[in-house]
Amino acid sequence: MKSMKAKVLAVLTVLFLLLAVSFGVGLWGRTPRPEPIPLVDPSFLDTKTWRASYADLIAADEDVTYFDCYLCHEENKRLELNLDEQGLVILPEEHEDIEMGHGTHGRNNNCFNCHNPNNLALLESRDRHELKLQNSTPLCGSCHGPTYRDWEAGAHGRTSGYWDLAAGEATRLDCVNCHDPHSPAFPSRKPAPGPHYLREVKSPVGPTKENDHE
Ligand code: HEC
Ligand code: HEC
Ligand code: HEC
Ligand code: HEC
């Protein structure tokens with residue numbers, strides 16, 4: 001009886017050893033190694049705003065000499081616009097980095113719709129309020145009433161900070177954090193990639209390889 005038990009154990013041991021060896025050499029093939037998951041482009045994780053406004057540049061202690069209008073312009077002298085036959089502003093070399101295109105057909109391309117011709121360091125809203133260059137949101141609001149109301153209500157733009165105003169302040173991004181005042185149409189951006197399937201999915205629900213952005 002005892003020897004019978006020993007025999008069975010010996011056979012089982014050999015079987016298990018063979019099985020171990022077969023797994024070791026991969027006799028039945030191996031599970032494919034999952035492909036390394038590519039890292040997400042860090043630009044998608046950046047919470048910085050689309051555009052640094054003048055106020056942001058001042059806060060970050062960056063070089064803002066270009067905003068110092070009276071480095072080049074003459075003070076106490078009304079600036080006249082240099083217009084072509086169609087009434088479009090001809091920009092001098094010093095301002096060639098400004099790309100003017102506000103509205104379809106350049107409806108709002110006149111510099112003095114926003115800048116004060118008598119004091120370039122200030123903005124002037126449509127209802128004739130003088131504003132500092134770093135406080136441009138009420139300027140935009142003076143022409144874009146409905147969007148401004150949406151923005152105030154938190155339905156346009158981005159709100160950060162606290163929902164519970166008793167706990168702290170809610171902060172709203174300025175219009176110029178997202179819109180270039182000179183060419184305000186929001187440029188299209190590449191969408192961030194969808195979640196990565198850890199394994200190959202035979203019939204994926206949701207985004208397929210074709211419309212998966214990298
Ligand atoms: C680096 C020098 C420089 C700086 C800084 C500068 N400008 Fe000018 N700007 C010029 C020159 C040069 C002209 C063309 C000559 C002129 O009209 O005086 C001009 C023209 C203009 C015009 C008339 C555009 C046209 O072609 O008819 C406006 C408006 C203007 N500037 C606004 C500003 C404002 C606002 C600032 C500050 C936020 C500013 N500039 C800062 C050099 C400068
Ligand atoms: C003097 C009036 C006026 C002011 C001030 C003004 N806008 Fe506009 N804006 C317009 C007009 C007019 C249009 C064109 C509407 C159209 O073409 O149907 C426009 C169009 C736009 C558009 C649509 C995109 C486009 O180019 O067609 C955006 C976005 C915009 N403005 C943002 C702003 C922002 C941000 C500010 C403040 C920096 C601002 N606007 C200040 C008059 C103004
Ligand atoms: C719709 C309003 C609007 C119009 C029209 C406009 N500007 Fe501006 N501009 C602004 C605002 C607002 C700022 C400050 C933006 C910021 O905070 O980044 C600014 C900034 C500037 C600056 C500082 C540096 C820069 O490039 O941002 C210059 C120079 C300037 N404007 C010149 C002009 C000239 C010249 C024209 C006409 C060809 C013009 N602007 C038309 C609203 C306007
Ligand atoms: C967080 C970013 C952000 C902020 C802040 C923001 N906008 Fe926009 N805005 C957008 C985007 C995105 C669109 C949609 C562009 C598109 O559809 O192509 C847009 C569209 C617009 C349009 C086009 C017409 C419309 O209403 O659909 C106007 C005008 C406009 N914004 C004005 C403003 C004004 C004025 C402010 C400030 C009071 C502001 N925006 C603040 C991102 C922003």
Side-chain angles (χ1 to χ4, degrees), residues 43 46-161 169-191:
S43 70
D46 196 344
T47 55
K48 230 177 36 230
T49 56
W50 174 244
R51 197 180 168 268
S53 67
Y54 180 43
D56 292 337
L57 296 176
I58 298 173
D61 217 1
E62 301 240 4
D63 178 19
V64 286
T65 35
Y66 188 54
F67 289 83
D68 194 353
C69 315
Y70 291 113
L71 269 186
C72 306
H73 289 279
E74 229 179 293
E75 231 160 322
N76 305 318
K77 183 172 166 249
R78 198 191 150 95
L79 181 64
E80 294 304 330
L81 291 180
N82 185 10
L83 302 174
D84 66 11
E85 308 93 67
Q86 280 142 0
L88 298 172
V89 182
I90 307 169
L91 285 170
E93 214 178 283
E94 285 79 357
H95 289 312
E96 66 184 1
D97 54 332
I98 293 179
E99 205 186 297
M100 218 43 233
H102 196 131
T104 44
H105 312 292
R107 279 202 179 92
N108 189 30
N109 279 2
N110 188 317
C111 317
F112 300 144
N113 283 356
C114 300
H115 294 279
N116 184 335
N118 299 310
N119 184 353
L120 291 178
L122 294 175
L123 297 167
E124 192 175 68
S125 67
R126 196 171 153 79
D127 45 355
R128 301 272 169 260
H129 281 107
E130 289 190 331
L131 300 160
K132 283 191 175 157
L133 216 50
Q134 58 268 47
N135 180 26
S136 54
T137 294
L139 166 82
C140 313
S142 71
C143 288
H144 294 286
T147 317
Y148 185 68
R149 280 196 296 276
D150 287 350
W151 177 85
E152 277 187 311
H156 189 104
R158 191 172 96 191
T159 307
S160 306
E169 217 189 333
T171 52
R172 299 257 147 80
L173 285 181
D174 284 316
C175 318
V176 290
N177 277 131
C178 299
H179 298 286
D180 179 337
H182 303 135
S183 308
F186 199 84
S188 58
R189 302 177 69 176
K190 234 177 117 181

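In what follows, every heavy atom counts, from backbone to side chain, and hydrogens, waters and symmetry copies are set aside. Counting convention: from 1, in listed order, for ligands and their atoms alike.
Taking only nitrogen or oxygen atoms, main chain and side chain alike, L120 does not reach within less than 3.5 Å of ligand 1. Of the N or O atoms in N110, none lie within a sub-3.5 Å distance of an N or O in ligand 3. Residue N82 has at least one N or O atom closer than 3.5 Å to an N or O atom of ligand 1. Considering both main-chain and side-chain atoms, N108 comes within under 3.5 Å of ligand 2 through a nitrogen or oxygen pair. Taking distance alone, with nitrogen or oxygen atoms compared against 3.5 Å, H73 approaches ligand 1 more closely than that limit. On a distance-only criterion, L139 and ligand 2 share no N/O pair closer than 3.5 Å.
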One pair to check against side chain to side chain contact (heavy atoms under 4.5 Å, CB included): R189 and W50. What are the steps and the verdict? CA-CA 10 Å; R189 302 177 69 176; W50 174 244; 3.4 Å; yes
Please test H73 against L79 for side chain to side chain contact (heavy atoms under 4.5 Å, CB included), starting from the C-alpha separation and ending with a verdict. CA-CA 8 Å; H73 289 279; L79 181 64; 3.8 Å; yes
Show, in sequence, the C-alpha distance, side-chain angles and deciding distance for Y66 and H95, and conclude whether the side chain to side chain contact (heavy atoms under 4.5 Å, CB included) test is met. CA-CA 10 Å; Y66 188 54; H95 289 312; 3.0 Å; yes
Taking it one step at a time, do T159 and W151 satisfy side chain to side chain contact (heavy atoms under 4.5 Å, CB included)? CA-CA 9 Å; T159 307; W151 177 85; over 6 Å; no
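Ranking protein heavy atoms by distance to atom 33 (C) of ligand 3, first place goes to H115 NE2, 3.5 Å. Scanning the protein heavy atoms around atom 12 (C) of ligand 2, the nearest turns out to be R107 CB, 4.1 Å. In terms of protein heavy-atom proximity, atom 32 (C) of ligand 2 is closest to P184 CB, 3.5 Å. What sits closest to atom 27 (O) of ligand 2 on the protein, heavy atoms only, is G103 CA, 3.2 Å. What sits closest to atom 1 (C) of ligand 2 on the protein, heavy atoms only, is C143 SG, 2.8 Å. Protein heavy atom closest to atom 42 (C) of ligand 1, with residue, atom name and distance, is E94 CB, 3.5 Å. Counting protein heavy atoms only, atom 13 (C) of ligand 3 is closest to P181 CG, 3.9 Å.
Counting only distance, with no hydrogens or angles, the side chain of S183 and the backbone of E99 share a donor-acceptor pair below 3.5 Å. Judged by distance alone, with hydrogens and angles left aside, the side-chain atoms of H102 form no donor-acceptor pair with the main-chain N or O of P184 at under 3.5 Å. A distance-only check finds a donor-acceptor pair linking the side chain of Y70 to the backbone of L120 [under 3.5 Å]. The main-chain N or O of E152 is found under 3.5 Å from a side-chain atom of R172 such that the two form a donor-acceptor pair.
The side-chain heavy atoms of H115 and L123, taken from C-beta on, include a pair separated by under 4.5 Å. A 4.5 Å side-chain heavy-atom check between E130 and N116 finds at least one atom pair inside the cut-off. Between D174 and S136, every side-chain heavy-atom pair lies at or beyond the 4.5 Å cut-off.
With a 6.0 Å radius and a threshold of 12 heavy atoms from other residues, nucleotides or ligands, R78 has its CZ atom above the threshold. Within 6.0 Å of the CG atom in D61, the count of heavy atoms belonging to other residues, nucleotides or ligands does not exceed 12.
Within ligand 3, counting atoms from 1 as listed, the ones closer than 4.0 Å to a heavy atom of Y54 are 16 (C), 17 (O), 18 (O). Under a 4.0 Å criterion applied to the non-hydrogen atoms of V176, ligand 3 contributes the atoms 17 (O). Every atom of ligand 1 is numbered from 1 in the order shown, and the set under 4.0 Å from a heavy atom of F67 is 37 (C), 38 (C). Short contacts between ligand 2 and C140, defined as distances under 4.0 Å to a heavy atom of the residue, involve ligand atoms 34 (C), 35 (C), 36 (C), 37 (C), 38 (C), 39 (C), 41 (C). Interface atoms of ligand 3 facing M100, defined by a heavy-atom separation under 4.0 Å, are 5 (C), 38 (C), 41 (C). Here is the list of ligand 3 atoms found below 4.0 Å of a heavy atom in L91: 35 (C), 38 (C). Here is the list of ligand 3 atoms found below 4.0 Å of a heavy atom in H102: 1 (C). When each atom of ligand 3 is checked for a heavy atom of Y66 under 4.0 Å away, the hits are 24 (C), 25 (C), 26 (O). Close contacts of ligand 2 with T104, meaning ligand atoms under 4.0 Å from a residue heavy atom, involve 16 (C), 17 (O), 27 (O). Interface of S136 with ligand 3, defined as ligand atoms under 4.0 Å from a residue heavy atom, comprises 12 (C). Listed by atom number, the atoms of ligand 2 under 4.0 Å from C175 heavy atoms are 35 (C). If you number the atoms of ligand 3 from 1 as listed, the ones under 4.0 Å from a heavy atom of S53 come out as 17 (O), 18 (O). Near D68, with a cut-off below 4.0 Å to any heavy atom, the atoms of ligand 1 are 5 (C).
R51 pairs in a side chain to side chain contact (heavy atoms under 4.5 Å, CB included) with only one of the listed residues (V176, D56, N177), which is V176.
Note that CD of E169 is 11.5 Å distant from OG of S160, once rounded to the nearest 0.5 Å. Atom CG of L81 sits about 9.5 Å away from atom CG of L91, to the nearest 0.5 Å. Rounded to the nearest 0.5 Å, atoms NE2 (H179) and OG (S53) are 13.0 Å apart.
Using a non-hydrogen distance threshold of 4.0 Å, F112 registers as a contact of ligand 1. Residue contacts with ligand 1: I90 is included, with a non-hydrogen atom under 4.0 Å away. In this structure, R51 counts as a contact residue of ligand 3, since one of its heavy atoms falls inside 4.0 Å of the ligand.
Not a single N/O/S atom of C111, whether from backbone or side chain, sits less than 2.8 Å from atom 8 (Fe) of ligand 3.
For the residues C69, C72, P92, C114, the heavy atom positioned nearest atom 38 (C) of ligand 1 is part of C69. Between the choices L133, L79, I98, V89, the shortest heavy-atom distance to atom 22 (C) of ligand 1 belongs to L79.
Looking at H182 and atom 8 (Fe) of ligand 3 together, the shortest N, O or S contact belongs to NE2. Note on H144: its N/O/S atom closest to atom 8 (Fe) of ligand 2 is NE2. Of all the N, O or S atoms in H95, the one closest to atom 8 (Fe) of ligand 1 is NE2.
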